[in-house]
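To keep things clear, I will list the structure first and then write my remarks on it.
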Amino acid sequence: MSGVVTGDAVVLGLQPARLPSRALAVLIDLVVVWAAYVLVMIGLVVATASLDEAAVAAVSVAAFLLVLVGAPIAVETLSHGRSLGKMACGLRVVRDDGGPIRFRHALVRGAMGIVEILMTFGVVACVASLVSERGRRLGDVFAGTLVVRERMPAAQVLPVPPPPPWLVGRFAGLDLSAVPEGLWLEIRQYLTRARELDPGVGRQLAERLADQLVARTGTPPPAGVPAEAYLAGVVAERQARDARRALAEAGGGVGTGAGVPGGFGGGGAGVAPAAAVPSGFSPVVPPVQPSAAPPAAVPAVPAVGSSREDGPPATGFAPPA
């Protein structure tokens with residue numbers, strides 16, 4: 001990993017591309033470019049058959065510059081540092097500060113590539129890449145660029161540190177609907193990396209993020225609460241709300257089996273919604289009766305050969321026949 005310092009004094013961990021992957025990307029680009037150049041030259045030979053030798057030579061030089069030099073520069077400029085070979089190998093050209101390249105960067109790299117790659121068959125570029133600590137060729141040095149690996153294994157997501165216990169639940173009434181996702185991402189990245197920053201720089205960054213959060217919510221933090229603790233408390237409240245919302249959405253498709261109001265999820269597939277239950281319905285489930293007992297609304301039938309006058313009082317139990 002290489003430490004690339006951005007304009008905001010933030011160190012980015014980028015993995016520079018090494019010679020084998022860069023050589024493969026250049027080989028793919030050269031095959032595509034030379035195939036296009038051959039096709040263009042065949043067309044030019046047919047189109048300029050009636051011209052003299054000077055005109056044919058001028059057209060050939062123009063085609064060489066446009067196809068072999070101009071086309072790679074245009075592709076890198078429009079794709080922000082991703083040619084066909086780099087896309088296939090998972091590479092990208094970036095500036096020294098990690099930002100996307102512009103036309104001037106691609107122009108310098110393309111101009112130096114004529115000498116490094118085309119005229120010396122890549123020998124100068126290979127030697128420079130091997131000598132450089134970050135695998136840069138001369139075009140990268142003069143243009144101020146760096147080729148990095150874009151396909152990296154998914155890094156483990158760092159958890160956001162919890163807020164102080166005395167701040168838990170203090171932001172329950174805060175309106176977070178106007179806070180954009182970009183600001184949430186910045187706050188989360190700061191909280192996960194706060195211990196790695198310089199104390200002074202971290203404090204300034206926390207105060208700036210807290211001011212932006214206050215401007216979006218319209219509610220200042222409690223008196224005496226540090227900016228970092230305020231950010232942690234608000235993020236914890238947002239995560240709690242998201243968890244409750246996800247739980248409610250997951251429970252919306254799970255029924256309790258009887259459609260009883262107040263059950264988890266309020267009904268599911270094939271269960272009547274709570275609004276269809278009569279208002280006088282009681283959700284209390286009656287106790288389970290013996291399997292041979294008749295319903296409560298049906299009077300008990302006395303056993304055969306007995307009567308209420310000469311036998312014991314009826315108990316409501318009918319023995320099996």
Side-chain angles (χ1 to χ4, degrees), residues 1-44 58-152 182:
M1 303 298 289
S2 176
V4 177
V5 182
T6 67
D8 296 331
V10 178
V11 179
L12 301 178
L14 300 177
Q15 183 176 359
R18 294 304 177 184
L19 181 59
S21 57
R22 295 192 62 174
L24 179 60
V26 171
L27 181 61
I28 295 175
D29 290 336
L30 288 178
V31 169
V32 175
V33 170
W34 277 104
Y37 178 70
V38 170
L39 294 178
V40 170
M41 289 303 299
I42 292 176
L44 290 177
V59 171
S60 301
V61 172
F64 175 84
L65 293 177
L66 289 177
V67 177
L68 295 181
V69 180
I73 294 175
V75 170
E76 281 197 354
T77 302
L78 297 177
S79 62
H80 299 291
R82 297 185 67 193
S83 62
L84 294 178
K86 291 180 177 62
M87 291 174 62
C89 297
L91 308 180
R92 180 188 287 272
V93 183
V94 297
R95 300 197 307 258
D96 281 338
D97 60 353
I101 64 171
R102 301 183 182 276
F103 172 73
R104 59 185 179 88
H105 304 97
L107 179 61
V108 174
R109 295 185 79 256
M112 292 299 300
I114 298 177
V115 179
E116 289 186 274
I117 301 175
L118 297 181
M119 297 182 62
T120 62
F121 300 98
V123 175
V124 175
C126 291
V127 173
S129 181
L130 290 174
V131 173
S132 174
E133 180 182 359
R134 297 191 290 181
R136 303 199 300 175
R137 63 180 178 90
L138 295 181
D140 294 319
V141 175
F142 285 103
T145 57
L146 175 68
V147 180
V148 298
R149 297 192 62 86
E150 199 173 36
R151 297 174 188 168
M152 298 289 294

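Just the heavy atoms: all of them, side chains too, but no hydrogens, waters or symmetry mates, feed the values below.
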Subject >> R136 (side chain) donor-acceptor with G144 (main chain) under 3.5 angstrom >> reply: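 Checking the backbone N and O of G144 against the side chain of R136, no donor-acceptor pair under 3.5 Å is found.
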
Side chain proximity check, [X] to [Y], heavy atoms < 4.5 angstrom:
X	Y	result
R18	R149	no
I114	M119	yes
P100	R95	yes

Partners meeting side-chain contact (heavy atoms from CB on, under 4.5 Å) with [X] (sequence neighbours left out):
X	answer
R104	none
V67	V33, A36, Y37, V40
L130	L19
T145	V93, I101, H105, R109, D140, A143

Original post:
Among pairs that include at least one residue of residues 58-72, which meet side-chain hydrogen bond (donor to acceptor under 3.5 Å, both in side chains), considering only residues two or more places apart or in two chains?
Top reply: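 Counting only pairs at least two positions apart or across chains, no side-chain hydrogen bond (donor to acceptor under 3.5 Å, both in side chains) contact touches residues 58-72.
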
How far apart are the closest heavy atoms of [X] and [Y], and which atoms are they?
X	Y	answer
S129	G135	OG-O, 3.2 Å
I117	A125	CG1-CB, 4.2 Å
R134	D96	NH2-OD1, 3.9 Å
L44	A63	CD1-CB, 3.5 Å

Atom pairs and distances, side-chain donor-acceptor, residues 24-31, under 3.5 Å, sequence neighbours left out:
{"residue": "D29", "atom": "OD1", "partner": "S83", "partner atom": "OG", "Å": "3.4"}
{"residue": "D29", "atom": "OD1", "partner": "G85", "partner atom": "N", "Å": "2.6"}
{"residue": "D29", "atom": "OD2", "partner": "S83", "partner atom": "OG", "Å": "2.8"}

Subject >> Residues forming a salt bridge (charged side-chain N to carboxylate O under 4.0 Å, His left out) with E116, sequence neighbours excluded >> reply: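 For E116 the salt bridge (charged side-chain N to carboxylate O under 4.0 Å, His left out) partners, ignoring immediate neighbours, are R137.
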
